[in-house]
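Below you'll find the structure, written out as structure tokens, and then a few comments.
Chain naming here is simple, since letters A, B, ... match the order of the sequence lines and numbering starts at 1 in each. From a predicted model like this one, the values you see are computed outputs, not experimental measurements.
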There are 2 protein chains.
Amino acid sequence: MIARSEAKARTRQQLLSAAQEAVQKEGASALSLRGVARRAGVVPSAVYRHFESRDALLTQLILDAYTSLAETLEAAVGTRIAGDSWRRAAQALRAWALRHRHEFLLIYGTPVPGYRAPVETVAAAARVAAVFISRVPDTPQEHLNASLHAQLAGPARDFGVSPAQLGQALAETSQLVGALVLELGGHFVGTADPADHLWNQILEAQQQRQSGAEAPSEIT
Amino acid sequence: MIARSEAKARTRQQLLSAAQEAVQKEGASALSLRGVARRAGVVPSAVYRHFESRDALLTQLILDAYTSLAETLEAAVGTRIAGDSWRRAAQALRAWALRHRHEFLLIYGTPVPGYRAPVETVAAAARVAAVFISRVPDTPQEHLNASLHAQLAGPARDFGVSPAQLGQALAETSQLVGALVLELGGHFVGTADPADHLWNQILEAQQQRQSGAEAPSEIT
DNA sequence: CACGTAGGTGAACAGTGTTCACTGAACTAC
DNA sequence: GTAGTTCAGTGAACACTGTTCACCTACGTG
């Protein structure tokens, strides 16, 4: 009666949402294939009809997390490129990270098993990166060193920005990701533990840099 | 004949170095209590005479990693506080992270089991942080927002620096840690993958900020 | 209608962390 | 010097884990 492909898609979806729930609640290390199967009302070996292994299931969750984050960021910045686009993207990033802390660490924390094959995830990751890269104002007040310029020339072309913009984006997103990793890892306990103020401080400084911080651009 | 406490200390050391080797080679997720016991020539249950659980063993490795990192940083910057102290510390940080990538991720990556009790690790972490915090020049060219200032007032006193210095240190170390986490996680593949040039660029920018970017108001 | 495909089953294997009664040698006290 | 205690290490067991395999059987197609 019920179409087979439809039934397959349904249990696959049940497996995925069970896995997603487990990760969201307790983190990737607590994700058990058997537990997922249990919650989906299915025997453990049945999972292998849908995913090659536990790690493949986890990889799918990583891809989904990337997509979720990318959509959130894109929705936050909208289509227009305004002066506060970077700030909006950064705020949306932290909000998403705090709301989905285990997924954030799944993406930006320790790579999961031995090595995670970056091949499939590169495209998903690029979509997230693109939001930030495209929001860097192209006033390259900080000139790149020659080596980095050469290294980024090709990739920058792909993103449709200048090497200086790409370099700036990489440096600044490093700060954003680092602050979130440290916050989620509890490394600010005792200093800036609710990291809201530190986050605002960082955003202000970044905004100031990007809008051409120097009143006196003496140094050539 | 052989003193019992001495024998105990020896096997404990063997367990620890076996565990350290395992983590160094394959990462924390691959650390197996039974494997450690095997390499130490001991039955699995014997490990429980030395460590409360697998997570306790891992916690000890985290503490050791903190100590190793702190000693490396302290050796790199020396006792004097020179103008390039920050840069030296940062370079030493990256060198250590690349040389001990799994230990670095053990510290700054995804927290291991459910939640890692930060109580014991706080002191060890503070030693690492202190190296950077004490190397921020106290020319607070970027004034903090009032909320962050208030939040950091107490902790800054403990470190013997101004709130502005502490805030700056937290913001800049976030960038350093973030860049390393992204590099080790493979997030720069396709753009700045050998991240040496990006790292230098980041350090130059930080140095410029700290030396008071706007004017040559040299060291007082 | 007959047949092959394939999602789901259940048993098994090797591995894991952890517990527990136990042994026996090193220490302590008399 | 002998009796008693402490305790690092043992071995078996428990409950879990990921993964494989032969099997079943209902769907979809010829």
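- In this structure, CG of A/Leu58 is placed 11 Å from P of D/dG18, rounded to the nearest angstrom.
- A/Ala130 pairs by the side chain to side chain contact (heavy atoms under 4.5 Å, CB included) definition with A/Phe159, not counting sequence neighbours.
- The interatomic distance linking A/Leu15 (CG) with C/dG7 (C1') rounds to 11 Å, in whole Å.
- Taking only distance into account, the side chain of B/Thr11 never meets the base of D/dG9 through a donor-acceptor pair shorter than 3.5 Å.
- The line from CG of A/Leu176 to CZ of A/Arg94 is 11.0 Å long, rounded to the nearest 0.5 Å.
- For A/His100, the ring pair (Phe, Tyr, Trp, His ring centres under 6.0 Å) partners are A/Trp96, not counting sequence neighbours.
- Here the P atom of nucleotide C/dG8 and the CZ atom of A/Phe51 are 11 Å apart, to the nearest Å.
- With rounding to whole Å, A/Glu52 atom CD is found 14 Å from C/dG7 atom P.
- No hydrogens or angles considered: nothing links the side chains of A/Trp86 and A/Gln207 as a donor-acceptor pair under 3.5 Å.
- Here B/Ala95 pairs with nothing under the side chain to side chain contact (heavy atoms under 4.5 Å, CB included) rule; sequence neighbours left out.
- Nearest nucleotide to the side chain of B/Val43, out of C/dT9, C/dT18, D/dG11: D/dG11.
- Following rounding to the nearest Å, B/Arg49 (CZ) and C/dC20 (P) show an atom-to-atom distance of 12 Å.
- B/Ala18 pairs by the side chain to side chain contact (heavy atoms under 4.5 Å, CB included) definition with B/Val36, B/Arg39, not counting sequence neighbours.
- Every residue two or more places apart in sequence or in another chain that forms a side chain to side chain contact (heavy atoms under 4.5 Å, CB included) with B/Glu71 is listed here: B/Thr67, B/Arg127.
- Distance, B/Asp55 CG to C/dT16 P: 16 Å, rounded to whole Å.
- Spacing between atom NE2 of B/His50 and atom P of C/dG17 amounts to 16 Å, rounded to whole angstrom units.
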Below 3.5 Å is the cut-off: list the nitrogen or oxygen pairs between protein and nucleotides 14-17 of chain D, distance only.
residue : atom : partner : partner atom : Å
D/dT17  : OP1  : A/Ser32 : OG           : 3.2
D/dT17  : OP2  : A/Arg38 : NH2          : 2.9

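- Atom CZ in B/Arg10 sits about 13 Å away from atom C1' in D/dG9, given to the nearest Å.
- The base of C/dG17 is not paired with the side chain of B/Ser53 by any donor and acceptor separated by under 3.5 Å.
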